[in-house]
Participant: 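Please find one structure pasted underneath; my questions will follow.
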Amino acid sequence: ILISVTGQPDTLNNPDFNQNFAAYVGGLATLGADAIEIWEGPNSSRHWLGGQIDPTLYVALLRDASTAIRSANPDTIIISAALQPSVGVSNDGQSDTLWNDDVYRAGMAEGGAAEYIDCIGVHYIQGTAAPDMMTGDERGDAPIYYLPSLIERVYTAFDRTLPICFTRFGYLSSDGYGELPINLSWANETTIQNQADWLAQAVTLNHDSGTISLMMIWN
């Protein structure tokens with residue numbers, strides 16, 4: 001059982017927030033959660049306060065949460081927040097509303113996040129090519145579109161010392177739904193058969209890689 005725990009960005013300024021959040025996830029660990037993902041997308045203003053996006057602030061939350069979880073149940077796997085995939089963020093990969101996920105992840109590593117986690121949280125839900133491919137996506141060559149390049153960038157960010165946990169992994173298909181909304185139109189050519197074949201192949205590749213600890217198949 002994986003529980004991904006996040007909250008409302010406007011509560012982050014509460015001086016007691018980190019302490020309250022840590023107590024909450026510690027309680028989940030006491031109840032027997034196998035794994036807990038600490039927050040979601042802290043590099044985006046969708047999930048973190050705009051203008052205050054900063055990996056050092058997230059690492060402080062991670063530290064408090066990790067301390068509580070390990071005290072409550074040392075068998076619970078602690079997973080860092082999967083980041084919002086980003087393409088083309090200007091200003092050295094930083095803005096008030098979104099940080100490039102590679103830049104943010106490097107900041108997490110520099111801030112000592114590895115000390116507080118057992119696994120690096122990642123989402124892979126935007127692919128339109130087989131999981132062993134490095135070309136073929138009509139949107140371009142951004143590494144977030146291709147599984148091998150995504151894994152390589154995440155794994156090396158922490159000096160290849162921590163495994164990867166996919167807290168969301170899946171391929172979107174329009175089969176049975178007609179045309180997808182414009183922001184998801186990149187998946188219009190992916191079939192249900194593609195979806196099935198690619199998921200099966202990804203499970204085999206990830207299992208054999210030795211770097212992936214967990215895959216949650218996500219809708």
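Sequential numbering from 1 along the given sequence is applied to the chain's residues.
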Participant: For the pair D75 and R70, find out whether any cationic side-chain nitrogen is under 4.0 Å from an anionic carboxylate oxygen.
Facilitator: no
Participant: Would D101 and Q84 count as having a side-chain donor-acceptor pair, cut-off 3.5 Å?
Facilitator: no
Participant: Under a 4.5 Å cut-off applied to non-hydrogen side-chain atoms, are I38 and I36 in contact?
Facilitator: yes
Participant: Just checking, any donor-acceptor pair under 3.5 angstrom between side chains of T161 and D159?
Facilitator: no
Participant: W198 and Y171: ring-ring contact (aromatic ring centres under 6.0 Å, His included), yes or no, with the steps?
Facilitator: CA-CA 8 Å; W198 295 346; Y171 295 93; 5.2 Å; yes
Participant: Can a donor-acceptor pair be found, under 3.5 Å and without considering hydrogens, that links the side chain of N43 to the backbone of L83?
Facilitator: no
Participant: Shortest non-hydrogen contact from P148 to P131?
Facilitator: CD-O, 3.3 Å
Participant: So F169 and Y124, would you call those rings parallel, tilted or perpendicular, with 30° and 60° as cut-offs?
Facilitator: tilted
Participant: Does F21 form a ring-ring contact (aromatic ring centres under 6.0 Å, His included) with W39? I'd like the steps, not just the answer.
Facilitator: CA-CA 10 Å; F21 183 89; W39 214 261; 5.6 Å; yes
Participant: Could you check whether any side-chain heavy atom of E37 comes within less than 4.5 Å of a side-chain heavy atom of I3, counting everything from C-beta outward?
Facilitator: no
Participant: Flag the pair I79 / I120 as yes when at least one side-chain heavy-atom distance between them is below 4.5 Å, and no otherwise.
Facilitator: no
Participant: Do P85 and Y145 make a side-chain contact, defined as non-hydrogen atoms from C-beta onward lying under 4.5 Å apart?
Facilitator: no
Participant: Let me see the working for N100 and Q94 under side-chain hydrogen bond (donor to acceptor under 3.5 Å, both in side chains), right down to the final yes or no.
Facilitator: CA-CA 6 Å; N100 175 278; Q94 302 175 25; over 6 Å; no
Participant: For residues Q193 and D197, is any side-chain donor paired with an opposing acceptor at under 3.5 Å?
Facilitator: yes
Participant: State, with a plain yes or no, whether a side-chain heavy atom of F166 is found less than 4.5 Å away from one of L150.
Facilitator: yes
Participant: Does any part of the side chain of E138, heavy atoms only, come nearer than 4.5 Å to the side chain of E189, both counted from C-beta?
Facilitator: no
Participant: Would R168 and E40 pass as an ion pair if we require N to O under 4.0 Å?
Facilitator: yes
Participant: Might you work through the salt bridge (Lys or Arg N to Asp or Glu O under 4.0 Å) test for E152 and R160, ending with a clear yes or no?
Facilitator: CA-CA 9 Å; E152 179 66 16; R160 301 178 178 271; 2.4 Å; yes
Participant: Going by heavy atoms in the side chains, are N73 and I69 under 4.5 Å from each other?
Facilitator: no
Participant: So which of P42, S86, S44 actually passes side-chain contact (heavy atoms from CB on, under 4.5 Å) with Y104?
Facilitator: P42
Participant: Indicate yes or no: at least one non-hydrogen side-chain atom of N206 is less than 4.5 angstrom from one of I151.
Facilitator: yes
Participant: Is it the case that D64 and T67 place a side-chain donor and acceptor less than 3.5 Å from each other?
Facilitator: no
Participant: Check for me, please, whether M134 and I144 land in the same ILVMFWY cluster - side-chain distances under 4.5 Å, paths through other members count.
Facilitator: yes
